[in-house]
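To start, the structure itself, in structure tokens.
Proteins get letters first, then strands, A, B, ... in listed order; numbering begins at 1 in each. Since the structure is predicted, the reported quantities are computational estimates derived from the model, not experimental observations. Side chains included, hydrogens not; waters and symmetry mates left out as well; all remaining heavy atoms used.
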Amino acid sequence: MPELPEVEVVRRGVAEHAVGRTLSSVEVLHPRAVRRHVPGPDDFAGRLAGRCLSAARRRGKYLWLELGDEAGSPDSGGEALVVHLGMSGQLLVQPGDAREEKHLRVRLRFADGGPELRFVDQRTFGGLHLADLVEVDGIALPKPVAHIAPDPLEQVFAVDAVAARLRSRRTGIKRALLDQSLVSGVGNIYADEALWRAQLHWARPTATLTRPKIRELFDAVTDVMQEALQVGGTSFDALYVNVNGESGYFDRSLAVYGQAGRPCRRCGASVRRDAFMNRSSYTCPVCQPKPRNAHL
DNA sequence: CACAATACCTGACGGC
DNA sequence: TGCCGTCAGGTATTGT
């Protein structure tokens, strides 16, 4: 599933292969892929034609391509093509005559006649839309991304400010980690991996965490994400791939996620799976004991 | 306002 | 063989 490291791998690919190029035509093959573009698919395609992709940026799991005029300079309006991969979205760089993917949703062609960008998405939770840029704390963000908190790999990420907000909450630590308005980029996989590294149970009340423990947890979040990034992200199947269609290798480094019944790498106890928010949480029952005052 | 639950979606897989 | 239930889960929306 694409979380922050996977989206960053895609961002780098798009920066290398598409930034600086001018779009010629855009084809929407499935309207649901642009459902967040309120004016509709025709408006989406019409407004992109002739625009240059001037930069590829990211916050958390959101990716956006800044749009410039044909000469390539950023336009005064400040507009971006926002991309969210959802659960199964892929952004691929493909020759125009390459076979159509089964779940091809949007095709973006370029004026230079080179490889096109394809948005492929089996489960259609992801999508593309156009948005104006607004300034938040000195950073230009698309309007729909403005409510998302900085991610742990950003310069502006301030762990002490996050710790203060965490400690005032009345919820479990994993729910808080997954709340993109508190910290962005963390999904189910990296939440479980970071909690295992910091030896915290998912239901631990945030209010009971000390500042040093919260710092330790976010060090673990940062470490696990950077390690994943170095090997191209996590993929269990063909659903997550970089722009060249290649899978990452971080699945081989997972300590608990998806490892139910296998021995904990630290103590050997059998990793357990709990139902959590209509999905799963994986923990070591010995290293991450369930607190008595658990926030279930 | 804070927090929790649910809807949205498709395909793989196991049981019968 | 094929049907059915379950699971995967990020985010917007709805409910308390």
Let me know the distance between [atom1] of [X] and [atom2] of [N], rounded to the nearest Å.
{"X": "N188(A)", "N": "dC7(C)", "atom1": "CG", "atom2": "P", "result": "14 Å"}
{"X": "H84(A)", "N": "dA12(C)", "atom1": "NE2", "atom2": "P", "result": "7 Å"}
{"X": "I189(A)", "N": "dG10(C)", "atom1": "CD1", "atom2": "C1'", "result": "12 Å"}
{"X": "L182(A)", "N": "dT11(C)", "atom1": "CG", "atom2": "P", "result": "14 Å"}
{"X": "D179(A)", "N": "dT13(C)", "atom1": "CG", "atom2": "C1'", "result": "15 Å"}

Item to check | Of K102(A) and M277(A), the one whose closest DNA chain B nucleotide lies more 5' | outcome: M277(A)
Checklist outcome for this item: Side-chain atoms of F125(A) come closest, of dG10(C), dA12(C), dA8(C), to dG10(C)
Next on the checklist: Side chain of H147(A) only, heavy atoms from C-beta on: which candidate in dA12(C), dT11(C), dA8(C) is closest?
Outcome noted: dA12(C)
Residues forming a side chain to side chain donor-acceptor pair (under 3.5 Å) with [X], sequence neighbours excluded:
{"X": "E16(A)", "result": "none"}
{"X": "E8(A)", "result": "R11(A), R12(A), R58(A)"}
{"X": "D219(A)", "result": "none"}
{"X": "Q226(A)", "result": "none"}

Next on the checklist: Could you tell me the boundaries of the chain A footprint on DNA chain B, defined by atoms under 4.0 Å from its heavy atoms?
Outcome noted: dC3(B) to dG11(B)
With a non-hydrogen cut-off below 4.0 angstrom, is [X] in contact with a base, only sugar-phosphate, or nothing?
{"X": "Y62(A)", "value": "sugar-phosphate"}
{"X": "N278(A)", "value": "base"}
{"X": "R35(A)", "value": "nothing"}

Checklist outcome for this item: The complete set of salt bridge (Lys or Arg N to Asp or Glu O under 4.0 Å) pairs with one or both residues in residues 257-273 of chain A, sequence neighbours excluded, reads R272(A)-D274(A)
Checklist entry - If you look only at pairs with a residue in residues 280-290 of chain A, which of them pass as a salt bridge (Lys or Arg N to Asp or Glu O under 4.0 Å), with sequence neighbours excluded? => result none
Checklist entry - Between residues 169-178 of chain A and DNA chain B, which residues have a heavy-atom gap below 4.0 Å? => result R169(A), R170(A), T171(A), R175(A)
Checklist outcome for this item: salt bridge (charged side-chain N to carboxylate O under 4.0 Å, His left out) filter on R211(A), not counting sequence neighbours, yields none
Item to check | Set of residues satisfying salt bridge (charged side-chain N to carboxylate O under 4.0 Å, His left out) with respect to R107(A), sequence neighbours excluded | outcome: E27(A), E100(A), E116(A)
Checklist entry - Quantified as the angle between the terminal helix axes (five pairs each), what is the overall bend of the helix from dA2(B)-dT16(C) to dC16(B)-dG2(C) to 10 degrees? => result 50°
Next on the checklist: What I want to check is whether an N or O donor and acceptor connect the side chain of R279(A) with the base of dG10(C) at under 3.5 Å.
Outcome noted: yes
Next on the checklist: Looking at Y282(A), I'd like to know whether one of its side-chain N or O atoms comes within less than 4.0 Å of OP1 or OP2 on dA8(C).
Outcome noted: yes
Item to check | Non-neighbouring partners of P39(A) that pass side chain to side chain contact (heavy atoms under 4.5 Å, CB included), sequence neighbours left out | outcome: H37(A), D43(A), R47(A)
Item to check | Short side-chain to backbone donor-acceptor contact, E216(A) and P212(A), under 3.5 Å | outcome: no
Next on the checklist: So I173(A) and I214(A), do their side chains get closer than 4.5 Å, heavy atoms only?
Outcome noted: no
Checklist entry - Taking the side chain as C-beta and beyond, is there a heavy-atom pair between Q94(A) and E101(A) under 4.5 Å? => result yes
